[in-house]
Amino acid sequence: MKNIGVDAMETKETKDKKEKVPRQKMSEQDPQKRIHNFEEVPLGYTEETAIIEAKRCIQCKKPACIAGCPVDVKIPEFINQIAEGNFIESAKVLKETNSLPAVCGRVCPQEDQCEKTCILGKKGEPVAIGRLERFSADYERNSGKVSNPSVAKSNGKKIAVAGAGPAGLTIAGDLVKLGYDVTIFEALHKSGGVLVYGIPEFRLPKAIVEAEVEGLRKLGVKIETNYVIGRTKTIDELFAEGFDAVFIGVGAGAPVFMNVPGENLIGIYSANEYLTRSNLMKAYRFPEYDTPIVRGKRVAVIGGGNVAMDSVRTALRLGAERAMIIYRRTEVEMPARKEEVHHAQEEGVEFLMLTAPVEYIGNKDGWVTGMKCLKMELGEPDASGRRSPVPIKGSEYVIDVDTVVVAVGTVANPIVPATTTGLETNKKGYIVTKDESGLTSREGIYAGGDIVTGSATVILAMGAGRKAANAIHGYLSKK
Amino acid sequence: MNKIIENKKLSENVVKMVFEAPVIAQKRKAGQFIILKINEKGERIPLTIVDSDAQKGTLTIIYQVVGKTTAQLSELKAGDSLQDVQGPLGNPTEIEKFGCVVCVGGGVGVGVVYPLAVALKKAGNEVITIIGSRTKELLILEEEMKKTSDQLIVCTDDGSYGFHGFVSAVLQQLIDEGKKIDHVFAIGPVPMMRVICDVTKPAGIKTVVSLNSIMVDATGMCGACRVSVGGKTKFTCVDGPEFDGHEVDFKLLSDRLKTYCDSEREAYEKHRCGCDGN
């Protein structure tokens with residue numbers, strides 16, 4: 001098999017004489033091959049490349065990279081262990097502060113965090129911290145010598161965590177290590193939240209998420225699946241049953257539709273549904289798995305974020321002949337990671353920029369057959385600082401489609417706020433927290449992740465879980 | 001894991017199942033549903049809770065065998081387990097003392113309307129129940145309905161039992177006879193709910209229907225179950241499952257229910273010939 005390194009930035013030879021060793025590439029599945037399977041795209045470092053890359057780290061006395069990490073991973077320390085060939089040790093260092101390193105090594109936007117602040121990046125290429133993190137975590141998992149961090153003696157206090165996503169898994173790991181009796185209540189039948197229903201197998205293999213969740217179980221975290229907080233039991237009932245504190249990490253959850261005429265035609269999905277069918281329910285393996293999915297030939301994905309990229313690349317793998325990104329601004333404004341856009345381009349995704357749907361057209365059976373679009377041009381910057389799209393009059397045209405995925409964001413799911421007395425929310429329905437600790441308007445209830453911030457990243461949710469863990473520990477230690 | 005206590009055929013293709021789900025049994029109210037997933041590779045299907053026993057910690061559901069999942073469900077025996085049961089989901093029925101209430105149930109929908117009839121009777125209403133099926137053998141819950149109703153009218157499409165004709169004709173007759181009806185609950189196949197609404201709308205009788213949209217997560221996350229009610233998009237799972245029948249776009253509902261027809265047929269055929277390995 002032909003493997004192609006794709007870091008576009010790395011193709012430029014560095015001219016800096018001091019930096020002789022270039023940032024090491026990670027081999028990837030060939031684009032033409034990978035669009036026919038759901039296997040992971042990047043293949044990871046070998047031991048040799050990991051050591052070469054690790055040795056590029058200059059072990060700063062005051063490491064700027066750590067300041068860029070929401071969970072304060074001891075970056076130079078774990079990289080040094082790799083440089084020395086102590087791979088298992090390096091994983092131990094990672095796990096001191098990050099309960100999901102194999103996940104973060106894959107889906108964190110390192111280019112905006114640790115790698116952005118890496119000192120080597122000032123003159124050349126930053127150390128590939130994410131790739132090294134992934135290498136280290138994978139090495140440990142594959143070695144079968146997975147170490148469990150030490151757990152303090154039980155303090156008899158009970159914590160309930162609503163939602164087994166990145167925020168909930170992080171706080172559960174942190175508090176169980178401090179001796180708390182932690183139970184996670186997860187609405188779906190599987191733990192992981194967005195890591196299992198949202199992010200596709202080709203970007204984050206589900207076996208990795210399962211292994212990380214299993215690690216938490218071994219530490220003593222209890223997980224109740226099929227348990228919808230607000231329906232199966234309310235937070236007030238959990239307190240009545242003797243829980244001392246509750247953390248809400250239920251995610252943003254509810255999909256946004258655009259209120260465009262014809263949006264309920266068959267074949268038009270929210271990204272949440274499309275991805276949940278494919279990822280959580282494994283519809284891409286239908287009929288081996290029982291959940292079906294529409295395998296469109298001409299698929300339009302509306303939006304320019306990571307979820308849109310995940311959806312369009314899923315459509316390709318489900319057999320789309322035309323897989324299109326429809327975005328109302330230009331590539332410059334797209335919120336998706338560069339790496340994801342690059343992968344999608346390599347795989348043959350078409351990018352229709354400055355385009356917005358205004359109406360969907362259907363046939364007599366109610367199936368979508370076309371999408372009327374307007375061309376846009378960029379006007380003045382809006383509140384987000386990005387130039388806002390302005391429709392060009394009379395520019396309507398129709399694109400033939402048989403499947404549409406709407407990936408324009410999510411809003412707060414109201415189930416938990418609506419069923420919890422005295423829990424303050426803002427205008428958009430997100431839970432209001434006092435400060436970074438995640439404390440809500442009610443004593444003993446903390447919240448973090450997308451249900452507080454709106455759609456953000458895995459690592460920011462993990463950071464919120466970490467901070468709330470510290471706050472709950474402080475609160476219950478005084479009690 | 002939820003242990004099955006009973007799985008008994010009520011008619012040729014309608015089955016009643018009782019299984020353990022202690023937390024949900026404590027909590028559920030009439031009109032709510034569960035999501036059930038049989039095994040690792042199974043799909044998530046919504047089913048209305050027909051009855052519960054808080055003391056024994058059990059739930060009762062009634063389902064019709066229409067595809068692979070329901071066929072597999074019908075093959076399970078007492079002592080077997082369901083891998084996943086999530087609930088109670090959806091909003092409970094708004095039960096109050098309306099006066100005279102007509103409960104209309106068609107096919108397997110009779111199972112869904114049954115808990116409503118019980119709750120409505122308990123709330124002090126005069127309950128008239130109209131239940132129907134294609135033919136006598138497919139009729140379910142006649143005895144139970146008789147017990148909970150002030151009047152029970154049974155009909156069959158082929159005239160093999162009771163009134164010869166549709167449930168809507170019986171309701172029309174009641175209205176024409178001048179019976180004062182304050183509220184109607186209609187649950188069954190989409191065409192049945194639609195014709196009932198066609199009858200009650202001109203008569204100005206508030207009519208509540210319970211929708212059986214396709215769902216995945218059933219907590220408001222995916223939007224698979226979206227329906228149009230009064231021109232606005234609603235999610236059956238969190239905004240419903242019950243809606244004002246006079247506002248529901250039944251054509252859209254019935255179209256969307258056909259989304260996976262071909263896939264469902266393929267899966268069911270593979271299951272029936274034993275080619276799916278389970």
Side-chain angles (χ1 to χ4, degrees), chain A residues 186-190 197-198 224-234 237 250-257 259 263-277 280-283 285-295 362 364-367 406 410-411 413-415 418, chain B residues 2 21 23-24 26-27 32 34-35 37-45 67-69 72 83-90 216-228 232-233 235 238 249 251-252 254-264 266-267 269-271 275-278:
Chain A
E186 165 57 43
L188 291 170
H189 58 271
K190 251 198 177 77
Y197 76 74
E224 296 270 3
T225 51
N226 298 311
Y227 215 105
V228 187
I229 294 300
R231 293 279 196 212
T232 312
K233 265 190 195 146
T234 63
E237 286 170 311
V250 293
V256 171
F257 287 96
N259 267 324
E263 211 167 22
N264 292 335
L265 288 165
I266 315 173
I268 304 181
Y269 286 103
S270 74
N272 270 1
E273 182 186 355
Y274 194 66
L275 293 174
T276 300
R277 281 184 182 273
L280 176 72
M281 305 310 297
K282 301 229 180 317
R285 286 166 70 177
F286 180 89
E288 182 201 349
Y289 281 74
D290 293 338
T291 304
I293 192 166
V294 176
R295 289 175 173 260
K364 66 171 175 33
D365 298 322
W367 281 85
V406 182
T410 53
V411 288
N413 188 319
I415 292 184
Chain B
N2 303 70
V23 184
I24 304 172
Q26 293 283 342
K27 199 75 193 242
Q32 290 188 299
I34 51 156
I35 283 276
K37 183 169 166 285
I38 298 179
N39 54 31
E40 189 56 35
K41 293 180 177 177
E43 60 181 330
R44 295 167 62 93
I45 59 162
K68 179 180 173 183
T69 300
Q72 277 180 299
Q83 187 171 296
D84 298 288
V85 177
Q86 176 200 36
L89 298 163
V216 185
D217 70 288
T219 58
M221 195 186 90
C222 85
C225 64
R226 58 198 197 274
V227 286
S228 177
K232 290 203 175 95
T233 296
F235 288 5
V238 287
D249 181 343
K251 159 86 167 65
L252 179 72
S254 127
D255 281 349
R256 289 187 61 87
L257 282 170
K258 290 181 200 133
T259 306
Y260 302 103
C261 262
D262 294 346
S263 299
E264 281 159 6
E266 181 191 346
E269 273 162 20
K270 282 211 164 101
H271 180 68
C275 322
D276 63 348
N278 52 33

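Naming convention: chains lettered A, B, ... in sequence-line order (proteins, then strands); numbering from 1 in each chain.
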Would you mind telling me which of B:Ile24, B:Val238, B:Asp262 has the largest number of heavy-atom pairs within less than 4.5 Å of chain A?
B:Val238
Checking side chain to side chain contact (heavy atoms under 4.5 Å, CB included) for the pair B:Val85/A:Asn226: CA distance, chi angles, key distance, verdict?
CA-CA 6 Å; B:Val85 177; A:Asn226 298 311; 6.0 Å; no
Compare every heavy atom of A:Arg231 with every heavy atom of B:Lys27, then report the nearest pair and how far apart it is.
CG-O, 3.7 Å
So which of A:Arg277, A:Met281, A:Lys282 has the largest heavy-atom pair count under 4.5 angstrom toward chain B?
A:Arg277
Looking at B:Gln86 and A:Ala187, would you say the former's side chain and the latter's main chain have a donor-acceptor pair under 3.5 Å?
yes
Specify the closest pair of heavy atoms between A:Tyr227 and B:Val23, including all atoms of both residues, with the distance to one decimal.
OH-CG1, 3.9 Å
At what distance, to the nearest 0.5 angstrom, does NZ of B:Lys41 lie from CZ of A:Phe286?
13.5 Å
Here the gap from A:Leu280 atom CG to B:Met221 atom CE, rounded to the nearest 0.5 Å, amounts to 7.5 Å
Give a yes or no on whether a salt bridge exists between A:Asp290 and B:Lys68, defined as a side-chain N under 4.0 angstrom from a carboxylate O.
yes
Taking C-beta and beyond as the side chain, do A:Tyr197 and B:Asp217 meet within less than 4.5 Å on heavy atoms?
no
Side chain to side chain contact (heavy atoms under 4.5 Å, CB included) between B:Asp255 and A:Trp367, intermediate numbers included
CA-CA 8 Å; B:Asp255 281 349; A:Trp367 281 85; over 6 Å; no
In terms of heavy-atom proximity below 4.5 Å to chain A, should B:Gln26 be classed as side chain, backbone, both, or neither?
neither
Residues B:Gly220 and A:Pro255: closest non-hydrogen pair is O-CD, 3.5 Å
At a heavy-atom separation under 4.5 Å, does A:Lys190 approach chain B through its side chain, its backbone, both, or neither?
side chain
Quick check: closest heavy atoms across A:Glu273 and B:Tyr260, and the distance to 0.1 Å?
OE2-OH, 3.9 Å
Quick one: does B:Arg226's side chain get under 4.5 Å of A:Ile268's, heavy atoms only?
yes
Separation between CD (A:Glu263) and OG (B:Ser228), nearest 0.5 Å, reads 12.0 Å
Between CG on residue B:Leu257 and CD1 on residue A:Ile266, distance to nearest 0.5 Å
9.0 Å
With a sphere of 6.0 Å drawn around CG of A:Asp365, does it hold more than 12 non-hydrogen atoms of other residues, nucleotides or ligands?
yes
Geometric class of the A:Phe257/B:Phe235 ring pair [parallel <30°, tilted 30-60°, perpendicular >60°]:
perpendicular
Please classify the contact of B:Arg256 with chain A as side chain, backbone, both or neither, using a heavy-atom distance under 4.5 Å.
both
Look at B:Lys270 together with A:Glu288 and state whether they make a salt bridge at an N to O cut-off of under 4.0 Å.
no
When rounded to the nearest 0.5 Å, the distance separating OG1 of B:Thr233 from CG of A:Asn259 is 6.5 Å
One should read off an interatomic distance between A:Tyr289 OH and B:Glu40 CD, to the nearest 0.5 angstrom, of 6.0 Å
Is B:Val216 in contact with chain A via its backbone, its side chain, both, or neither, using a 4.5 Å heavy-atom distance?
side chain
Scored by heavy-atom pairs under 4.5 Å with chain B, the best of A:Thr232, A:Asn264, A:Leu265, A:Asn272 is A:Asn264
Partner chain A: residue of B:Gly90, B:Ala218, B:Gly223 with the largest heavy-atom pair count (under 4.5 Å)
B:Gly90
Is chain B contacted by the side chain of A:Ile415, its backbone, both, or neither, given a heavy-atom distance below 4.5 Å?
side chain
Report the option among B:Gly42, B:Cys222, B:Ser254 that has the most heavy-atom pairs separated by less than 4.5 Å from atoms of chain A.
B:Cys222
